[in-house]
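As structure tokens, the structure follows; a few thoughts come after it.
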Amino acid sequence: MKKTIIILFLFFCFPFLVNAVELPNTYSEHVIIYDRSQGKILQEKNSDEQINIASLTKIMTTITAIEKIEFLDKSVTITSEMFKGLPYDASLAGLKIGDKVTYLDLLYASILPSGAEATQALAISLTGSVENFVN
């Protein structure tokens with residue numbers, strides 16, 4: 001009994017820190033896993049290549065649009081300008097030229113299917129152009 005108490009005392013007074021990280025297998029072409037506590041890269045794959053951060057751009061555009069939209073139920077007409085410059089392989093929400101949608105519809109279309117045309121429609125309808133929106 002006395003031995004058990006001593007062991008428990010030592011266990012609680014002198015905790016051991018054990019860190020174990022199993023690095024994941026990834027299918028992505030670009031990966032970087034960084035341990036902030038140790039300040040070192042644990043795993044990387046093509047981490048020095050520049051790539052587009054499309055989904056992050058859509059998220060930031062959507063957040064910024066939410067801050068600028070006064071009325072979520074205001075109507076917006078989808079124009080051909082809202083499709084200009086989109087990459088051929090962009091993720092789209094399925095909007096068509098001439099569609100009349102609300103800002104709320106555009107927010108959903110920007111985030112849920114990650115629609116590039118919806119995100120661009122938000123920027124253009126709120127500020128007149130993508131450049132103005134970025135500024």
Side-chain angles (χ1 to χ4, degrees):
M1 178 72 173
K2 197 173 188 181
K3 193 180 208 182
T4 305
I5 293 173
I6 292 172
I7 291 172
L8 286 174
F9 176 78
L10 292 173
F11 180 75
F12 287 111
C13 290
F14 301 102
F16 296 95
L17 297 176
V18 176
N19 290 328
V21 176
E22 184 176 326
L23 298 176
N25 290 326
T26 63
Y27 297 101
S28 177
E29 290 298 315
H30 300 87
V31 175
I32 188 161
I33 299 175
Y34 181 77
D35 183 344
R36 286 182 44 190
S37 65
Q38 295 182 22
K40 69 179 186 178
I41 295 172
L42 301 177
Q43 181 177 355
E44 64 181 306
K45 179 178 175 185
N46 299 324
S47 64
D48 57 340
E49 291 181 23
Q50 276 194 340
I51 58 171
N52 291 327
I53 53 168
S55 292
L56 290 176
T57 302
K58 289 173 194 159
I59 291 167
M60 290 307 300
T61 299
T62 302
I63 290 169
T64 303
I66 289 169
E67 294 172 352
K68 293 185 117 353
I69 295 170
E70 290 184 41
F71 302 103
L72 290 173
D73 59 347
K74 183 178 177 186
S75 246
V76 175
T77 301
I78 303 301
T79 65
S80 60
E81 180 186 10
M82 295 170 178
F83 287 86
K84 285 184 181 169
L86 295 178
Y88 75 93
D89 60 346
S91 173
L92 300 174
L95 299 173
K96 307 272 187 276
I97 296 170
D99 283 352
K100 290 188 186 322
V101 296
T102 65
Y103 277 121
L104 184 60
D105 294 330
L106 287 176
L107 291 171
Y108 278 117
S110 177
I111 291 297
L112 294 178
S114 195
E117 83 278 36
T119 305
Q120 195 149 291
L122 282 168
I124 292 169
S125 64
L126 287 168
T127 63
S129 71
V130 172
E131 293 78 20
N132 288 342
F133 189 83
V134 171
N135 289 336

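Bear in mind the structure is a predicted one, so any value in this text is a computation, not a measurement.
- Of all heavy-atom pairs spanning Met82 and Ser125, the tightest one is CE-CB, 4.3 Å.
- Rounded to the nearest 0.5 angstrom, Lys58 NZ and Ile63 CD1 are separated by 14.5 Å.
- Leu106 places a side-chain heavy atom less than 4.5 Å from the side chain of Leu95.
- Using a 4.5 Å heavy-atom cutoff, the side chains of Ile124 and Lys84 are not in contact.
- At a threshold of 4.5 Å between non-hydrogen side-chain atoms, the residues Ile51 and Glu29 do not count as touching.
- Using a 4.5 Å cut-off on side-chain heavy atoms (C-beta onward), Val130 and Gln120 make contact.
- Distance check: Ile66 CD1 to Leu104 CG gives 9.5 Å after rounding to the nearest 0.5 Å.
- No continuous path of hydrophobic side-chain contacts links Tyr34 to Val31 [ILVMFWY only; heavy atoms under 4.5 Å].
- Annotation: side chain of Leu107 is in contact with side chain of Ile69 (closest heavy-atom distance under 4.5 Å).
- Annotation: side chain of Phe71 is not in contact with side chain of Thr102 (no heavy-atom distance under 4.5 Å).
- Side chains of Leu86 and Leu92 form a contact here, defined as non-hydrogen atoms less than 4.5 Å apart.
- Linking ILVMFWY side-chain heavy atoms closer than 4.5 Å, directly or via other members, places Phe83 and Val101 in a single hydrophobic cluster.
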Next on the checklist: Evaluate Thr62 against Ser110 for side-chain hydrogen bond (donor to acceptor under 3.5 Å, both in side chains), listing each step before the verdict.
Outcome noted: CA-CA 7 Å; Thr62 302; Ser110 177; 2.7 Å; yes
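- The CG atom of Asn132 sits 5.0 Å away from atom OG1 of Thr127, with the distance rounded to the nearest 0.5 Å.
- Put simply, CG on Asp35 and CG on Leu42 are 5.0 Å apart, with the number rounded to the nearest 0.5 Å.
- With contacts defined as side-chain heavy-atom distances shorter than 4.5 Å, the pair Phe133/Leu122 does not qualify.
- Nearest approach of Ala90 to Ala116, heavy atoms of both residues: CB-CB, 3.9 Å.
- The distance from atom CG of Leu126 to atom NZ of Lys74, rounded to the nearest 0.5 Å, is 8.0 Å.
- With hydrophobic clusters built from ILVMFWY side chains whose heavy atoms lie under 4.5 angstrom apart, Leu72 shares a cluster with Ile78.
- With values rounded to the nearest 0.5 angstrom, Ile97 atom CD1 is found 7.5 Å from Thr79 atom OG1.
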